[in-house]
Enquirer: 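Below is the structure I would like to discuss, written out as structure tokens.
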Amino acid sequence: MVDLRTEVAGIRLRNPTMLASGILDETGGSLLRVFEAGAGAVVTKSIGPEPREGYPNPTIVEIEGGLLNAVGLPNPGIEDFGDEVKKALAGQAVVIGSVYAKDAAEFAQVAARMADFGVAAVELNLSCPHAKGLGTEIAQSEEAVAEITRAVKDAVDVPVFPKLSPNVASIAPFAVAAEKAGADGIVAINTVKAMAISPELAMPILANKFGGLSGPAIKPIGVRAVYDIYEAVDIPVIGVGGVSTGRDALEYLMAGATAVQIGTAIATHGIGVFAAVTKEVASVLGEIGLPSVKDAVGAAHE
Amino acid sequence: MVDLRTEVAGIRLRNPTMLASGILDETGGSLLRVFEAGAGAVVTKSIGPEPREGYPNPTIVEIEGGLLNAVGLPNPGIEDFGDEVKKALAGQAVVIGSVYAKDAAEFAQVAARMADFGVAAVELNLSCPHAKGLGTEIAQSEEAVAEITRAVKDAVDVPVFPKLSPNVASIAPFAVAAEKAGADGIVAINTVKAMAISPELAMPILANKFGGLSGPAIKPIGVRAVYDIYEAVDIPVIGVGGVSTGRDALEYLMAGATAVQIGTAIATHGIGVFAAVTKEVASVLGEIGLPSVKDAVGAAHE
Amino acid sequence: MSRMHVVPILDKVRESHHTTTYRFRADFGGQAGQFVMVWIPRFDELPMALSYLGPVKGITVHAYGDATKALASFNLGDRIGVRGPYGNTFRLQGETVLAVAGGTGVASLIAAIEGFAQQGARVTTALGAKTAEELLFADRAGASGEVHIATDDGTRGFRGFVPALAEKLLEKHRFDQVITCGPERMLRGVVDMALKRGIKVQASLERYMKCGIGICDACAFDDKLVCLDGPVFDGEVLAASEDFGKFRRDKSGRRIPI
Amino acid sequence: MSRMHVVPILDKVRESHHTTTYRFRADFGGQAGQFVMVWIPRFDELPMALSYLGPVKGITVHAYGDATKALASFNLGDRIGVRGPYGNTFRLQGETVLAVAGGTGVASLIAAIEGFAQQGARVTTALGAKTAEELLFADRAGASGEVHIATDDGTRGFRGFVPALAEKLLEKHRFDQVITCGPERMLRGVVDMALKRGIKVQASLERYMKCGIGICDACAFDDKLVCLDGPVFDGEVLAASEDFGKFRRDKSGRRIPI
Ligand SMILES: Cc1cc2nc3c(=O)[nH]c(=O)nc-3n(C[C@H](O)[C@H](O)[C@H](O)COP(=O)(O)OP(=O)(O)OC[C@H]3O[C@@H](n4cnc5c(N)ncnc54)[C@H](O)[C@@H]3O)c2cc1C
Ligand SMILES: Cc1cc2nc3c(=O)[nH]c(=O)nc-3n(C[C@H](O)[C@H](O)[C@H](O)COP(=O)(O)OP(=O)(O)OC[C@H]3O[C@@H](n4cnc5c(N)ncnc54)[C@H](O)[C@@H]3O)c2cc1C
Ligand SMILES: Cc1cc2nc3c(=O)[nH]c(=O)nc-3n(C[C@H](O)[C@H](O)[C@H](O)COP(=O)(O)O)c2cc1C
Ligand SMILES: Cc1cc2nc3c(=O)[nH]c(=O)nc-3n(C[C@H](O)[C@H](O)[C@H](O)COP(=O)(O)O)c2cc1C
Ligand code: FES
Ligand code: FES
């Protein structure tokens, strides 16, 4: 029997899969349902200080190899979100609260409220294009990443996981900046900047024109990011981007991830994907004679 | 009848498709064969000052949504390459010569030799990870892009097309730097940094470990890059990345590309892809009432 | 994955002063009860029931807010985007069926009404609208069985709300299946009266949607998703629901009383 | 696209002091003449003919350079990567077939030899090697028809090169099809002697390969690609070739005399 358990910054998981932020995680009912379907933990939608409607539709385009989205961070705001987290926690779900904000001070406030709700950790969505930090996207400034991480660390007692953007020349230095600022783990990657155009209408499909690419298309980009980050830091890495099978998950684990998150695959595989991925991870590990998920972590490094 | 012709920096093309650099273009025979199969122009393999064997195999991984490659710029060197170009030109092919080098001076030398062979334009492969400029990949330094472009412009009389990497936080400033340095057009995008791991062997598949992602997976990334560049510069843009159908080509054209290059699709569709793409471009343009390819260029901008 | 199909409008039929049917060709399937996401370029993308199945599909749209009003100005040949079909379907099980439709709700029901009739069931439709001019698909429903009409203002048929009409029909005749679509409060009434009599009932819900494919959680309803687990729900499920007829989610995801 | 299959070695059979057959299970097809790209982890990825088709496939490898020598030290259960099948196939047209194999070339021919025999053709194999111990698949060829052997040192059969043996057979018997694989100079001889007699001939070529799928141009041969248009070429095509038996491409793509 392969031991599927893993542990990220002291959070024990029954298996290495997590629900990725932004997918079926805006309501307590859905968070719990996904946990019950087999996810080792569930990450909430990124929640900000105030309710936000997000962008007008179309916000999602189904494309070859994944999804393009520009939902624009719709969320009920941190105050109303407590009830949703409580509902999920009442059902014994392991919940990680994702937050966004416009600057370090606001990040600290929202994260502190999220921690109050009883989440196991907070994840920082640094890829928010609305929240400008130092004249660019937060996720594209190492200083902003460090500053926000530090502010949140000072404000909460649970582990803090900054989530990095792949839209940078080199991702590892951002992970290093976050680690130095006290991060307990790194989540990588968020979506990749992209666009889809309708030839017949000669216009971008998304109301926001630009969006983020997710799904199988970005898996090799995410695996490389995790591989690079693993070589650069000592804190755990949580891999995300295009996981839809156990073999995908193993690519991330062997690249150095301690756990993987799954989002877009829910659109193609349903929420049964968590159990299916876990099952295939166990079967491949069994086949190649690795006794546990922990033994797979980082195995692709020399 | 839809007018399929287009013109890039004075080079007249019978249709807007080109062969992308690095795919079936290391020999005169293949260049000519692809041109005869319907490409409007053919770009050569990137040629350097000396022969280079490239990386050991595996150099190519077939993955969902495309290819991962780390061929490592194998090429016969600029001196031996003259015969290949001549063979293609003798068959009336429109040939664009791609070159790489380690610094601006060497770029100028290789490009000058390439121009001597009679090519219609030179394309600058700035994404070469071996050629370090200013402490980073050339493609990740705006100054290096400008310096090399300027040096090549001084050395040749044919149009010069720097080819940009998507592995940057924001691609448009690089296009602007190239334009200011005298570039006659911009080619975007090269492959996206990526990796594939074999779960059973717990190791990266590519001998070089890291590679570049191409094919359908990167199409939305390339379309967005072209859209951004088109808004930032006045010189023509040549779009590349994941084109395998006429509708893909139209996404690039409407995003602002004057022509598109096709590489990886040859693996899935064969060299008939150039004729098929051209045919579908004509049929969709006919359907929506646009009289020519030129009318489609940039049509997705307000 | 279902890619966006951008298609010209082939036919446009004015059904009432505010409601229009748009027909288009799309080479994807579609069964009774399913919906498509309709992109009205420059305005919005909205869920709409398939009021016509087959290769030339149709949607029947109430010009209500900005986007649906903009759509009303689209001409033949103008292009819209459609992706789908999404959602579950009406189970066509039953010999004697009562369909209870309020307003544009009949757009979601009509394919089921025709489907039941085609497989030999006896279908009675209770069709409601504010006023006679706004009645939709009375002819199509009539071609599939008996039609009883209710208008709020009494301009045609029974004067009053369609659930009241439905209740009369349930008292008079034996039915083994009720299907219904319309405003959620109306559905509540119809579901209650059917369950009270021990009759199976399926109701199609309309909730705010973004993705239509079960990933964004915008259409969350209890711990279900209207776009994926619905839009058709069994009466028992609805009767046990905390949200049905009481709470909805706004665009930001806040749970607010209806 | 054919993804990389990483599979354990199920069987390993020493065919001669330097050549070994490796068997593995892979759920892709494969026909006579096709090859796979074989990843020898940490060493190289190389093209190898499928010497066994069916679900448990096989390759037969001469331990020649670093990578193939490394492979020789792999044990049962050790994993290799295989992707494919790639390339074209031998056309199995002909009633009386002469197969001319030199060295490991028989690995590319044996499935065709068996295929011809299965469909009722009379197959004669001329099998060559440096010395008796290095003869490959004499038994398998024998099970499909007559086998004539040539060794350079005369330790078994005819003493001399296999083309000379083939020439004798062509003089004595009527053949309507020749198939051949081996060193390119040998192929040149076999192709010439067949064409001279007006007999159809198909030869399988071995060229340096990187991608195996027709994109890298490494295996360019005239204006053709050995991996895609080949590895099996008609004699007429080879006779008209500028490169056949004369020029090859090195790893950098330079065209150099063989
Ligand atoms: C499964 C399903 C099937 C539907 N079928 C039909 C149909 O056949 N015919 C028809 O006329 N209407 C149908 N609707 C309702 C229709 O989608 C909304 O009425 C329409 O979106 C209103 O858009 P608007 O721009 O006119 O109004 P707005 O001014 O944008 O909004 C008016 C009201 O419409 C609703 N609405 C707005 N956007 C959405 C959205 N993205 N998803 C759901 N509701 C929204 C909200 O309740 C809002 O308060 C259906 C809805 C669902 C969920
Ligand atoms: C279609 C095809 C089918 C083949 N089938 C067989 C077979 O069934 N059995 C067998 O033993 N050999 C076969 N070969 C030849 C085999 O691929 C090479 O002999 C082998 O790659 C040598 O590798 P090495 O590491 O031992 O030698 P190295 O020391 O690397 O090279 C020795 C020589 O082998 C050749 N070679 C090296 N790498 C490659 C490569 N990637 N592609 C092609 N040739 C290369 C070169 O000519 C080189 O000079 C086949 C080749 C092709 C093209
Ligand atoms: C519809 C959608 C909404 C998302 N919203 C968020 C979000 O609110 N916060 C966040 O950090 N990431 C968000 N993401 C990114 C995902 O968490 C994840 O990083 C990305 O989709 C790659 O993983 P995948 O390929 O498994 O989907 C969203 C992705 C999608 C598709
Ligand atoms: C095998 C391979 C080799 C390549 N070699 C080069 C090269 O030598 N020079 C270059 O500028 N781009 C090279 N590229 C990148 C392509 O030109 C192109 O930018 C990229 O593949 C995206 O286009 P595609 O999706 O149509 O393949 C190579 C791509 C592949 C797949
Ligand atoms: S509309 Fe997105 S989950 Fe239902
Ligand atoms: S080996 Fe790459 S083209 Fe043939």
Side-chain angles (χ1 to χ4, degrees), chain A residues 61 63-66 68 136-137 139-140 165-171 192-204 209-211 213 215-228 242 246-255 281 284-285 287-288 290 296 299-302, chain B residues 61 63-66 68 136-137 139-140 165-171 192-204 209-211 213 215-228 242 246-255 281 284-285 287-288 290 296 299-302:
Chain A
V61 191
I63 55 171
E64 194 175 339
L68 194 62
T136 164
E137 268 188 42
Q140 292 172 358
S165 163
N167 303 304
V168 295
S170 181
I171 200 168
V192 180
K193 290 201 285 187
M195 177 182 245
I197 287 172
S198 162
E200 288 85 357
L201 287 165
M203 59 166 84
K209 291 184 188 162
F210 304 108
L213 184 62
I218 68 168
K219 187 191 67 179
I221 303 172
V223 170
R224 172 159 185 175
V226 167
Y227 191 96
D228 283 348
R247 299 168 55 89
D248 295 336
L250 281 168
E251 286 198 59
Y252 274 101
L253 294 170
M254 289 174 169
V281 165
V284 175
L285 288 180
E287 207 179 287
I288 63 176
L290 280 186
H301 295 259
E302 303 285 75
Chain B
V61 190
I63 55 170
E64 195 176 338
L68 195 60
T136 165
E137 267 187 44
Q140 293 174 359
S165 162
N167 302 306
V168 295
S170 182
I171 200 168
V192 180
K193 290 202 285 188
M195 175 181 246
I197 287 173
S198 162
E200 288 85 357
L201 286 165
M203 62 166 80
K209 291 183 189 163
F210 304 108
L213 183 62
I218 68 168
K219 188 191 67 177
I221 303 173
V223 169
R224 172 162 183 171
V226 168
Y227 191 95
D228 283 349
R247 299 167 55 87
D248 295 337
L250 281 168
E251 285 199 60
Y252 274 101
L253 294 170
M254 289 174 169
V281 165
V284 175
L285 289 181
E287 207 178 287
I288 63 175
L290 279 186
H301 295 259
E302 304 283 77

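Lettering follows sequence order; numbering is per chain, from 1. Note: hydrogens, waters and symmetry copies are ignored here, and every other heavy atom, side chains too, is used. The shown structure was predicted, so the numbers you read here are calculated from the model rather than taken from an experiment.
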Enquirer: List the steps, then state whether side chain to side chain contact (heavy atoms under 4.5 Å, CB included) holds for Met195(A) with Glu251(B).
Expert: CA-CA 9 Å; Met195(A) 177 182 245; Glu251(B) 285 199 60; over 6 Å; no
Enquirer: Top residue by heavy-atom pair count (under 4.5 Å) with chain A, among Leu253(B), Val223(B), Leu250(B)?
Expert: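 Maximum pair count with chain A is reached by Val223(B).
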Enquirer: Pick whichever of Asp248(B), Leu213(B), Leu290(B), Val284(B) has the most heavy-atom pairs under 4.5 Å with chain A.
Expert: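 Greatest number of close heavy-atom pairs with chain A: Leu213(B).
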Enquirer: Pick one of side chain, backbone, both or neither for Asp228(B), based on which atoms fall under 4.5 Å of a heavy atom in chain A.
Expert: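 Only the side chain of Asp228(B) comes within 4.5 Å of chain A.
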Enquirer: Between Met254(A), Lys219(A), Glu287(A), who has the most heavy-atom pairs with chain B when the cutoff is under 4.5 Å?
Expert: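 Of Met254(A), Lys219(A), Glu287(A), Met254(A) has the most heavy-atom pairs under 4.5 Å with chain B.
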Enquirer: Among Ile218(B), Val192(B), Val168(B), Leu285(B), who wins on heavy-atom pairs under 4.5 Å with chain A?
Expert: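 Ranked by heavy-atom pairs under 4.5 Å with chain A, first place is Val168(B).
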Enquirer: How close do Pro204(A) and Ala300(B) get, heavy atom to heavy atom, and via which atoms?
Expert: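 Shortest heavy-atom separation between Pro204(A) and Ala300(B) comes out as CD-O, 3.5 Å.
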Enquirer: Using non-hydrogen atoms and a 4.5 Å limit, figure out which bit of Ile221(A) sits close to chain B: side chain, backbone, both or neither.
Expert: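 Contact with chain B involves both backbone and side-chain atoms of Ile221(A).
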Enquirer: Look at Pro199(A), Gly246(A), Ser170(A), Ala217(A) and state which one has the largest set of heavy-atom pairs under 4.5 Å with chain B.
Expert: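 If we count pairs closer than 4.5 Å to chain B, Pro199(A) comes out on top.
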Enquirer: Name the member of Arg247(B), Glu64(B), Met203(B) that forms the most heavy-atom pairs with chain A at distances under 4.5 Å.
Expert: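 Among the listed options, the one with the most contacts to chain A is Arg247(B).
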Enquirer: How long is the span from the CZ atom in Arg224(A) to the CG atom in Asn167(B), to the nearest 0.5 Å?
Expert: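 If I round to the nearest 0.5 Å, the distance is 7.0 Å.
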Enquirer: Quick one: which of Ile197(A), Ile63(A), Val61(A) gives a side-chain contact (heavy atoms from CB on, under 4.5 Å) with Pro220(B)?
Expert: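 Result for side-chain contact (heavy atoms from CB on, under 4.5 Å) with Pro220(B): Ile63(A).
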Enquirer: Counting only non-hydrogen atoms closer than 4.5 Å, does Ile288(B) touch chain A with its backbone (N, CA, C, O), its side chain (CB onward), both, or neither?
Expert: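 For Ile288(B), the side chain is the part near chain A, not the backbone.
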Enquirer: Report the distance from atom NZ of Lys209(B) to atom NE2 of His301(A), rounding to the nearest 0.5 Å.
Expert: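 Atom-to-atom, Lys209(B):NZ and His301(A):NE2 are 8.5 Å apart.
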